[in-house]
Amino acid sequence: MKKTPKSTTILWIEDDYRQLIDLIKPMQNAGYIFDFAIDEKEALDKLQNRIYDLIILDIIIPEDVNSEILEHSLFIGLRLAKKIIREKKITVPILVCSVVNDQRIIEELNELGITKILNKGRILPSQMKIELESMLED
Amino acid sequence: MGLRQIDEHANLIDDYGFLVDLLNMLSCLTRVAISLKVEDEIVSSERRWSGYCKFIKTLNLGICEKGFDGTKEIHMCDAGLYCYSLPVSIEDKNIGFIALGHCMLEGHEEDSKKMLKKLAESRKLDEKIYSDLKDLLGQVDIIKEPELLAVIDRHLQSIEKYLNLEWHHQKRIRELKTLSTYLAHSFLIPIQAVVSKTDNLLSRLNEMDKRYCEPELIENCNGILNETIKLSYSAENLRDWMAEEKDIYRFDTKEKVNLHGIIRDAIELYRSEAFERGILLNDPVPRDIPFPTIKGSAPHLRKVFINLMNNAVKYSFDGYPGHFRFVDTICRPSGKYYCVEISNLGIGIMPDEIEKVFEYGYRGKMARDRNRFGSGLGLPTVKRIVEKHDGKVEAESKIVGSYDGSKRNPYKTTLRVFLPQD
């Protein structure tokens, strides 16, 4: 049975989500439910406790914002994607939304089966809605 | 202490390339073989190294293991070669030692041969190997002791200085790459926030009853959206240039790209800016064949045509009422390529600059006026991306007559992008 927007939950793993919240406004207006994680640790905790219909993933995220030393390393999102797919065996679709355009990272994401990658900077919320809805339909 | 321990992120152990190049250069200057030992790795110049020393190393006989305690004196290693060694420091940390020489000293040749014999006996080498080693030892440079000392006196400090400079250079490049990614992050996040807010506002305005919504509001929103999107491309150009990542555009994964759509998007982005200056951007015209699909990376090809359209508009002379300027986009097959050419009339490129405009940071002589700020990043970015698609870029700029009342002559400038047909 096809899910309605109100029964669809999306996890957005993004440390800057408050600044970027307008990106998902059309989706929220349509009734989709969003949950947020601002670091790798929170994302893994949430994925442990709940089943999501889709994940939006940033690549440059902190490991743990509560740790004494804030490791805001590059590409922790890539490591997280590997954990989600290979270790947790979670099979929900993942959309990567990041400023990273390093071809090696993109290849690694493709190897994980992640092919939908949007470059932050000029994503239109209307375009984002179309992308996400098409992924949810697949 | 090894380099790896000095900076775990440095990966200098993997970057022996620069050290080998450097040692080769220094070896040419000093005319003796040089090796640098870091942890258990030995990096050496190729001078005379490919013979005796390399063979010794292959046999795992442990050359460069004796006497390298930092004392400044000539000594003979187990393999019978004379060297002079000195600890090498980078940022006041001892990373290993450098050894100059790997040679025989004049008058001490017999000592070298005796040492080799001793080595062969102690390691129980078979006759064949011992014989080969003796032959190779005979090919090693023989120099006078004062010459070796003179080399050391003159060059050891310079070598360490060069190593330090090169190390700092490599470190700087790594820092720039990291910085560029963070910079891109700090620019592109707010840019994305403005794009999102504006697009949402535009959607709301479009949904409103037209009686209560002034067209100027929609126009302004579109203007903000377009300008912000252009800013995002400029930020990416800057990031890519700073990253200096040689293989940032490798495009192992290519998709079928609708070229027409990409060119149209680029034109739409600049249409209103151009119109305000009396410049009309003509829609792309396909000649001979309909628009093909091209195999490539859509986001990068988009960047190509955004940059080209940006230049065409920026360097066009303004039109005025009743006398518009035009930017034309013609698309046609050309041998095994599909060619897209974008032409404008305005500030040209001097004949001696046609190649230079594709170099990072170069700005055309005629383009350096106060009203046109160019970063010098656009065309190099275009070239880099197109070449990674196995294509090529050409520029042509010709005077086409006198400009109405102006002292400057207008040039017709055409940029041609050739992409392989699928």
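Just so we're on the same page: letters track the sequence lines, and every chain starts at 1. Note that these values count all heavy atoms, side chains included, but never hydrogens, waters or copies made by symmetry.
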Rounded distance (nearest 0.5 Å) linking atom CZ of B/Phe305 with atom CG of B/Leu269: 14.5 Å

Are any non-hydrogen side-chain atoms of A/Pro62 and A/Glu40 less than 4.5 angstrom apart? no

Residue selection (most heavy-atom pairs with chain B, distance under 4.5 Å) from A/Gly121, A/Pro26, A/Ser98: A/Gly121

Step through the shown structure and confirm whether more than 12 heavy atoms of other residues, nucleotides or ligands are within 6.0 Å of NZ on A/Lys41. no

Would you check if B/Glu268 and B/Leu281 make a side-chain contact, meaning some heavy-atom pair closer than 4.5 Å? no

Please list, in residue-number order, every residue in residues 195-209 of chain B that has a heavy atom less than 4.5 Å from any heavy atom of chain A; write 'none' if there are none. B/Val195, B/Ser196, B/Lys197, B/Asp199, B/Asn200

With sequence neighbours left out, which residue pairs that include part of residues 113-131 of chain A fulfil the salt bridge (Lys or Arg N to Asp or Glu O under 4.0 Å) condition? A/Glu14-A/Lys120, A/Asp58-A/Lys120, A/Lys116-A/Glu131, A/Arg122-B/Glu236, A/Lys129-A/Glu133

Hey, could you give me the CZ/CD1 distance between B/Arg264 and B/Ile267, rounded to the nearest 0.5 Å? 7.0 Å

B/His260 side chain to B/Pro284 backbone, donor-acceptor under 3.5 Å: no

Select one option (side chain, backbone, both, neither) describing which atoms of B/Tyr233 are under 4.5 Å from chain A's heavy atoms. both

Listed partners of A/Lys82 passing side-chain hydrogen bond (donor to acceptor under 3.5 Å, both in side chains), at least two apart: A/Glu108

Under the side chain to side chain contact (heavy atoms under 4.5 Å, CB included) test against A/Tyr17, which residue among A/Ile38, A/Leu23, A/Ile56 passes? A/Ile38

Identify which one of A/Thr9, A/Asp35, A/Thr8 satisfies the side chain to side chain donor-acceptor pair (under 3.5 Å) criterion when paired with A/Tyr52. A/Asp35

With chain A as the partner chain, list the residues of residues 219-226 of chain B whose heavy atoms fall under 4.5 Å from it, by residue number, and write 'none' if nothing qualifies. B/Leu225

